[in-house]
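First comes the structure, then the notes that go with it.
Any value given below was found using the heavy atoms of this structure, including those in side chains, with hydrogens, waters and symmetry copies removed. Chain identifiers are assigned alphabetically (A, B, ...) following the order of the sequence lines, protein sequences preceding nucleic acid strands; residue numbering begins at 1 within each chain.
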Amino acid sequence: MPDSTLHEPVLAWYAEHQRDLPWRRPEASAWSVLVSELMLQQTPVARVLPVHEAWLERWPTPADLAAEPTGEAVRAWGRLGYPRRALRLHAAAVAIVERHDGVVPDAYDDLLALPGVGDYTAAAVASFAYGRRHVVLDTNVRRVIARVVGGVEHPPASLTRAERDRAAALVPDDDATAATWAVAVMELGALVCTAANPRCPACPLASACAWRAAGCPPHDGPPRRGQAWAGTDRQCRGRLLAVLREADGAVHRSSLEAVWDDVPQRERCLAALVTDGLATRTGPDTYALP
DNA sequence: AAGGCGTGGGC
DNA sequence: TGCCCAAGCCT
């Protein structure tokens, strides 16, 4: 029996403050929800909105995308980042056509088996698109629970069993309320209980929050690791792929050489892009999107 | 099971 | 100004 004392304030807050997002509208398809979830992995809503709209217009169903070369997905992905997600979404569309008659599956296990779909995304699609009861545990929800229940500013670096148990204990019993709870807590984390500068005065859980009751103690422990960037393979890969993405057809080596000076690193990254399926060699000195 | 994987906006 | 961050997944 879940502790329901937190439900009503959060559900009421959500009813009042939820954003109108395309993938949340009643007419949104499960495919729209799945596409949004892949795009939103590590990427802000504001950047996803235009790409998601164009994507759904061009490929309204999984079968539409599955019929395209993977390179078209990579190109349409644009600057969302982590372009392997575009390949995974394309592969998911192919799997949906092959294994599920072109219909996005509603069962958690079937969703989890799709490329690019992990525990969070499988639970999110089952919950948001099909109204099923699941533990939808993303970084927003983890942060809200860490603060309200755990009394600390940030959740641990990797998901723990204790966190999952806490989250599971909070999920309402019935499917419909559980699904609304999932999206509502996420929204609270995204808009109010943010990582930096949380808007506690606007929070429906302020009076119930253990972290606030403790005086909002700052994060205690090892510094949370940021991601290295300048000079890394990731930056190099991004530069190289941007050239391929923006080109109309194949490009000569010289165009790739122009965007990265370190020769061994550039060659290593180019080879890795080919291995990853994000690029193909089309001739002795030319490359293109697959 | 840490670390790799893009990108750009906000403070 | 840099630094931190944004609905994770995969190996």
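Going from atom CG of A:Leu80 over to atom C1' of B:dG8 covers 11 Å, rounded to whole Å. Rounded to a whole Å, the CG atom of A:Leu278 is 10 Å from the C1' atom of B:dC5. For the pair A:Leu87 CG and B:dC5 C1', the computed distance is 12 Å after rounding to whole Å. Put simply, CZ on A:Arg84 is 12 Å from C1' on B:dG3, counting in whole angstrom units. Between the P atom of B:dG6 and the CG atom of A:Leu240 lies a distance of 11 Å, rounded to the nearest Å. In this structure, A:Leu49 places its CG atom 16 Å from P of B:dG8, rounding to the nearest Å.
In this structure, A:Arg161 pairs ionically with A:Asp165, as a charged nitrogen and a carboxylate oxygen lie closer than 4.0 Å. Under the 4.0 Å criterion applied to side-chain N and carboxylate O atoms, A:Asp119 and A:Arg164 are assigned as salt-bridge partners. Contact check on A:Glu187 versus A:Arg24 returns a salt bridge, with a Lys/Arg side-chain nitrogen under 4.0 Å from an Asp/Glu carboxylate oxygen.
In this structure, A:Arg79 reaches the sugar-phosphate backbone alone: every heavy-atom distance under 4.0 Å involves primed, P, OP1 or OP2 atoms, never a base.
For the pair A:Arg237 and B:dG6, the criterion of a side-chain N or O lying under 4.0 Å from OP1 or OP2 is met.
When each of A:Arg88, A:Gln42, A:Arg234 is checked for a side chain to side chain donor-acceptor pair (under 3.5 Å) with A:Tyr82, only A:Arg234 meets the rule.
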Per-pair distances, 0.1 Å, donor-acceptor, side chain in residues 149-158 of chain A, under 3.5 Å, sequence neighbours excluded:
| residue | atom | partner | partner atom | Å |
| --- | --- | --- | --- | --- |
| A:Glu153 | OE1 | A:His219 | N | 2.6 |
| A:His154 | NE2 | A:Arg224 | NH1 | 3.3 |

Contact string for nucleotides 3-11 of chain C, one letter per nucleotide 5' to 3', B = base within protein heavy-atom range under 4.0 Å, S = sugar-phosphate only, - = neither, reads --SBBBSS-
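Separation of the C1' atoms belonging to C:dA7 and B:dA2 is 22 Å when rounded to the nearest angstrom. Taking atom P in both B:dG8 and C:dC9, the straight-line distance is 23 Å, to the nearest Å.
We find the CD-CD distance between A:Glu257 and A:Glu267 to be 7.0 Å, quoted to the nearest 0.5 Å.
Close placement of the A:Trp55 and A:Trp77 rings is indicated, their centers lying within 6.0 Å of each other.
For a distance-only test at 3.5 Å, the side chain of A:Arg234 fails to qualify as a donor-acceptor partner of the base of B:dG4.
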